[in-house]
Amino acid sequence: MRRLGPSTEGFYDQLLKSCNFLASLRQIHSSLTTSGLINQALHLGAKIIIKYTTYGEPNTARSLFNSIHNDKSYSFLWNTMIRAYANNGHCVETLELYSTMRRSGISSNSYTFPFVLKACASNSLILEGKVVHGDILRTGFLSDSYVQAALVDMYAKCGQTDDGCKVFDEMSVRDLVSWTVMITAYEQAEKPEEALILFQKTQQEGLLSDSVTIVSVASAVGQLGDVLKAQAVHGYAICNAFLEDLCIQNSIVAMYARCGNVEKARLVFDMMEKRDLISWNSMLTGYIQNGQASEALLLFDEMQNSDCKPNPVTALILVSACTYLGSRQLGRKFHGYIINSNMKIDATLRNAVMDMYAKCGDLDTAENMFNDIHPSERNVSSWNVLIAGYGMHGHGRKALEFFSQMLEEGVKPDHITFTSILSACSHAGLIDEGRKCFADMTKLSVKPEVKHYACMVDMLGRAGCLYEAFDMIKQMPLPPNDSVWGALLLACRIHGNTEIGEIAANYLFQLEPEHTGYFVLMSNIYAASNKWREVGKLREDMKNKGLKKPAAFSVIEYGKDIQGFHTADRVNPYWKEVYKKVESMAVEIKMAGYMPDLSCALHDVEDEDREHMLNYHSEKLAVAFGIMNLTPEAVIQVTKNLRVCNDCHSAFRFISYIYRRKIIVRDANRFHHFEGGTCSCNDYW
DNA sequence: TTAGCCCCAG
């Protein structure tokens, strides 16, 4: 065999460094094989193994590995192959190779374990991780800081933060990475306060953070939603010259958005010199999280003109924006875009598209998509989407059918399935079926959570079984939260029960003193029984606490555009015409027998004024806009962010009859299809 | 004699 000098090795080293393509890598590989150098300078072989794997050729890498790892006592190449697998998501192969390595008597070292642990961490393989932990103890590598950090990370990613914390606490020396791992662990476990306390400690110990730490800290602050802390992190990044880092910029954009300051997020975004996919997706998500879906859509147009092309995550964000807006038309457009862009549609994205169709009122398309999925590829979320979709439309029976079919096909329901099926029963008034499903939960080994009790209380309460609902709360094995009492309060509103309503409201005012919705509900109950003194007292309370009724907002599709209306909107460019229309419609439907439901107007004023105020509810403005601008055969579809009010519900029945229009309203809870004077919910909602 | 642990969009 011909020996080549070190200068030749250096030459190949350089060549490999600058090699960016699979084709040139193959050339270098073959030239090294011909020269025989690959068997002598193993670090070159190692580099090729790594490159093949990152270029998506793990099998080629493995063949190379198999052909050159002739010295059995030499762990370097094994470590290389394990590293290549682990860093490219080939988790099974990593563990398989590690196991072969052990069986072959090759000793692991401090370079082996971090990658094996990474593979366990990325697939939440806690059992395998624990075995590796045992191996580390046996081989005496627990004192290595890289191994320790990887171990803490593995436990954290497998959801065992406490075990990770134990390893962390037992470390004698902690470097920045171990601190960061622990900070990230708390952040990922949604314990942002703990994460920030640890960050404080790194500062006290005089450790200089790196960009990874700051990203995690920014994430934690985002979870906390504290704008002041967000500004502090932003300032820290500026002072320590971290702001050049793209990851940091992205995390700051996301942080501000999650703290509700989407304007500040946009400011940071606009100042960025370079933007990657994550920058765009973070900003888009920020708009969606803050209810500014139309801003998100504008930004998407900008994104398409940029050098960053949308990926499946972008698609997911946009589809969820359409779901939020209730815009089937836009949703369809994006669905088309997704198909045409040839992006990879995974189960999550497909389910999101189905959910969009279901929640935008197009159940047929949702169901067709579901039927197109091969039964073996339907996961629990696919079923959940359909069950929830049918439930929202009041098709309780259909939801129950899907639920049975799901069980027949051997798909195990989860907590979301039961939330969906119970609320489906609730909307359809199927209380016996609902009771049965609730009883089946334990049999199907899904433990009832507070939200399931809330569904039951809602179902029983709506059906008028107020005392049974109340008893259920009293007998709950878990402490009832605001959604449970809120369901009872809503039921009291529907059935006009002041007495139980007051009990529920008292709990709610303690549990959620800032939540205006409960004050509004209770004052509605008082208003319905003409207890204006109590209404006034509640209003006074709200005023003293500085609470305001959350802004109602309704959206209607119009051509390629979307029009949004607030209550008593004077910002929408068409408000004057729309006001005239609602006023004239009120006159016409009154002649057909519509009676304004004055209890829906919160204010303690003269009846005539209250009646007048009802006209300008956001959903009425949106429907009036639809009648004025859409062709007579077009369906008027409106999405409202809160629950549709009683008076609007009654008015829409009359409007659908007199104007011969199909009106579909999606509110915070469900769909209402108005046609010929009736609503699909049969006034049961 | 060569290699590494932790991060941002969903």
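Naming convention: chains lettered A, B, ... in sequence-line order (proteins, then strands); numbering from 1 in each chain. Because only heavy atoms are used, hydrogens play no part in the values below, and waters and symmetry mates are left out as well, while side chains stay in. Since this is a predicted model, take the numbers as computed values, not measurements.
- Between A:F76 and A:H43, the distance from one ring center to the other does not fall under 6.0 angstrom.
- Between the C1' atom of B:dC8 and the CZ atom of A:R258 lies a distance of 11 Å, rounded to the nearest Å.
- A:N311 comes within contact range of at least one nucleobase, with a heavy-atom separation under 4.0 Å.
- Put simply, the side chain of A:Q188 never gets that close to the backbone of A:A156: no donor and acceptor are under 3.5 Å apart.
- For the pair A:S178 (side chain) and A:R174 (backbone), a donor-acceptor distance under 3.5 Å is absent.
- Counting only heavy atoms from C-beta outward, the side chains of A:I562 and A:Q329 never approach each other to under 4.5 Å.
- A straight line from CD of A:Q223 to C1' of B:dC8 spans 13 Å, rounded to a whole angstrom.
- Taking atom CD1 of residue A:I278 and atom P of nucleotide B:dA9, one finds them 8 Å apart after rounding to whole Å.
- Panel note: side chain A:Y55, backbone A:N20; a donor-acceptor pair is recorded below 3.5 Å.
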Task: Footprint string (nucleotides 1-7 of chain B, 5' to 3'): B base within contact, S backbone only, - free, heavy atoms under 4.0 Å - done: -BBBBBB
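- No side-chain donor-acceptor contact under 3.5 Å links A:N123 to the backbone of A:L125.
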